[in-house]
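Each chain gets a letter, A, B and so on, in the order its sequence line appears, and its residues count up from 1.
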Amino acid sequence: MGIQLYNTLNRKIEPFKPIEEGKVKMYVCGPTVYNYIHIGNARPAVVFDMVRRYFQYKGYEVTYVSNFTDVDDKIIKAAEEMGEDVMAIAERFIQAYHEDTGALGVKKADIHPRVTDTMPEIISFIDRLTEKGYAYESGGDVYFRTKKFDNYGKLSHQSVEDLQLGSRIEVGEKKEDPLDFVLWKKAKPGEIKWESPWGEGRPGWHIECSAMVKKYLGETIDIHAGGQDLAFPHHENEIAQSEALNEKQMANYWIHNGYININNEKMSKSLGNFILVHDIIKQFDPEVVRFFIVNAHYRSPINFSDEQLESAKAGLDRIKTTYSNLQHRLEETADLGENRDKWQGQIEELHNRFIKEMDDDFNSANAVAAMFDLVKAGNLYLREKHSSKEVLQSFIKRLDDMAFVLGIQLKQEKALLDEEVEALIQERIDARKNRNFARADEIRDELKEKNIILEDTPQGTRWKRG
RNA sequence: GGCGGCAUAGCCAAGUGGUAAGGCACGGGUCUGCAAAACCCUUAUGCACCGGUUCGAAUCCGGUUGCCGCCUCCA
C-alpha cells in the first residue's frame with residue numbers, strides 16, 4: 001500500500017497519486033521575515049520536512065519550494081522601528097530562519113523564492129487577472145473580485161454568504177465588495193516600491209504564492225502545505241487567483257499542520273505567548289525540540305512545556321543509548337550470534353510497521369512507537385551472550401532509516417576527551433581492578449560534575465556526556 | 001451567527017466496530033563492588049456525561065457539558 005494523506009480539500013484521507021510517476025511537486029508557505037521564528041512557526045518547517053524526507057525515502061524525487069515573504073507591511077513597520085532598511089531586515093531574518101530550522105534538522109528547500117525576486121511574474125499575474133475581469137484597479141490598489149470566482153470557499157468549506165455574515169470583515173472604501181482582497185498595494189510616500197501598470201506599489205500578501213507556484217512548479221502541483229491558520233484566507237485566496245487565471249486545479253492535495261499551544265492556547269505573535277526557537281535551543285538540544293514535534297501527529301495540536309521537552313529528551317536519549325550500544329557491540333563482536341533469522345524477521349517486521357504508520361497520513365506518533373519497539377528489541381539482543389555482526393548491522397541500518405525520516409541524528413561524532421579526563425578514567429579502571437572502590441567512586445563523581453557519565457559494562461568502562 | 005477540532009492512566013499521546021500502542025514519571029525485582037544502562041513485573045474492567053444501534057462501541061447515531069481554533073495579520 002502506498003502513501004495516504006488527509007486532504008483538506010475533501011476532508012478525507014486519500015491515496016497519493018502523483019501527477020508525474022515517481023515525482024512530487026510540493027510547495028510550503030514560508031515565513032514573513034521580520035523576526036526570529038517561534039516554535040509554532042517551526043512546526044510546519046519540521047513536519048513538512050519530514051513529509052519530504054518520507055517521500056524521498058520511498059523513492060520519490062521531490063521538488064520542494066518554500067517562499068520568503070521579504071516585503072510586506074510588517075517588515076516595513078519593523079524597519080521603521082529598528083531604523084533599518086527593509087531589505088536588510090529581511091536578509092537578516094532569512095539567515096536566522098536558515099540557522100534555526102537548520103538546527104532543527106530541516107533541509108533547505110530546493111528553491112527559496114523571495115517576493116522581491118519574483119516581481120515581474122507577480123505583476124504579470126495580476127495584469128492577466130485584470131484582463132480576465134477577475135481583478136480591478138481602484139485608487140492605485142488592485143483587488144481580486146472574489147464573487148466572480150465560483151468556487152470561493154471550497155478549501156475552507158465556507159460559503160460566500162456565511163463569510164459575509166462574519167462580522168469582522170472590514171469594508172475597504174476602495175473595494176467593490178467586502179470579500180475582495182488586495183493584489184497590489186499603492187505605495188505610501190517613502191515606502192519601498194516597484195513600478196507597475198497601476199503605479200508604484202508592492203504586491204499584496206496572497207499573490208506571491210500563486211505566482212511562485214506557477215513559476216517554479218507549474219499550474220497544478222501535487223502538494224500545497226502550510227499551517228492550519230493559512231487555510232483561510234491565504235490558501236483560499238491563492239486558489240481563487242491561480243484557478244481563475246490558469247483554469248486548472250492549483251494543487252491536488254492541501255495539507256495543514258496543527259498548532260503548537262501554550263497553556264492550551266495557540267502560540268502566536270499577536271498573542272505574545274511565543275517562545276523563539278533561537279532561545280529554546282539554548283535550553284534544550286535542537287534535536288529534542290524536533291523529536292518533540294515529530295512525536296505527535298502533525299495534525300494534532302500539541303501543548304508546549306518544559307516538562308514535555310524533558311520527557312522528549314528522556315525518550316530520545318533512550319534511542320541514542322541503544323544505538324550507540326549496538327555500535328559498540330558491533331566493533332567488539334566475535335560474530336557468534338544464533339537465531340539470526342528470528343531476529344532479522346523481527347527487525348523487518350518493526351520496520352514494516354514504521355512504514356505502514358508513515359504511509360497512513362504520516363502518523364509519526366505511531367511510527368515513533370514502532371521505533372521504540374525496535375529499540376527494545378535491540379536492547380534484548382544486546383543482552384544475548386553472543387551476537388552476530390549481520391543482525392547488529394540490521395538493527396543499526398533500520399534505526400538509521402527511521403532516524404532519517406524523522407530527521408534526527410543518531411550517529412554521534414566521536415568526541416575526544418582531554419588528557420586529564422582520559423587519565424582519570426584509566427586511573428579508575430586500575431582502582432577497580434585493585435578493588436579500591438572508594439577512589440573509583442570518587443573519580444566517577446568527579447567526572448559527573450563535568451557532565452561525563454561512566455558506565456561499567458561487561459565489555460569494559462564506557463563514557464558518555466549527560 | 002457560520003465552519004471545524006478536541007475530551008483516553010500521575011503527565012504526554014496513538015487507537016474510528018472485536019475487547020485499551022508507545023514514551024515520560026512512580027513502585028517492586030534481576031544484573032552490578034555500588035551505580036548507570038538494560039531487562040522483567042506492576043500501573044485505565046475502562047476511554048467527559050446521558051441515552052441509542054449492535055452478539056460486541058473509546059470507536060457508529062442522537063443529545064449534554066467543557067475546552068480550543070478559523071471566519072482579521074498569524075505556521
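A heavy atom lying under 4.0 Å from RNA chain B marks the following residues of residues 371-388 of chain A, by number: A:Phe372, A:Asp373, A:Lys376, A:Asn379, A:Leu380, A:Arg383. The stretch residues 147-158 of chain A comes close to RNA chain B through A:Ser156, A:His157, A:Gln158, each having a heavy atom under 4.0 Å from the strand.
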Between protein and nucleotides 5-9 of chain B, what N or O pairs are separated by less than 3.5 Å?
none

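Distance, A:Ile408 CD1 to B:rG23 C1': 13 Å, rounded to whole Å. Put simply, CD1 on A:Ile275 is 16 Å from P on B:rA75, counting in whole angstrom units. As rounded to whole Å, 18 Å separates atom C1' of B:rC68 from atom NE2 of A:His256. The distance between atom CG of A:Leu104 and atom P of B:rA75, rounded to the nearest whole Å, is 16 Å.
Both A:Phe292 and A:Arg435 lie close to RNA chain B; mapped to their nearest nucleotides by heavy-atom distance, the more 5′-ward contact belongs to A:Phe292. Heavy-atom nearest nucleotides on RNA chain B were determined for A:Lys464 and for A:Gly30, and the one closer to the 5' end corresponds to A:Lys464.
Between A:Lys266 and B:rC70 there is a side-chain polar atom (N or O) within less than 4.0 angstrom of OP1 or OP2. In this model, the phosphate group of B:rC39 is approached by a side-chain N or O of A:Arg318 to a distance below 4.0 Å at OP1 or OP2.
B:rC12 sits 15 Å from B:rC47 when the C1' atoms are compared, rounded to a whole Å.
Side-chain atoms of A:Lys269 stay outside donor-acceptor range of the base of B:rC74, with no qualifying N/O pair under 3.5 Å.
Remark: side-chain polar atoms of A:Asn67 are not paired, donor with acceptor, to backbone N or O of A:Arg114 under 3.5 angstrom.
Partners of A:Ser138 under the side chain to side chain donor-acceptor pair (under 3.5 Å) rule, at least two apart in sequence or in another chain, do not exist in this structure. With sequence neighbours excluded, the residues that form a side chain to side chain contact (heavy atoms under 4.5 Å, CB included) with A:Arg145 are A:Tyr136, A:Lys148, A:Glu176.
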The dot-bracket string of RNA chain B, counting Watson-Crick and G-U wobble pairs with both distances under 3.5 Å, using [ ] for crossing pairs and | for pairs to another strand, is ((((((((.[[[..)..(...]]]..((((.......))))......[[[[[..)....]]]]])))))))....
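Using modelled atom types and a 3.5 Å distance limit, the side chains of A:His328 and A:Asn325 yield no donor-acceptor pair.
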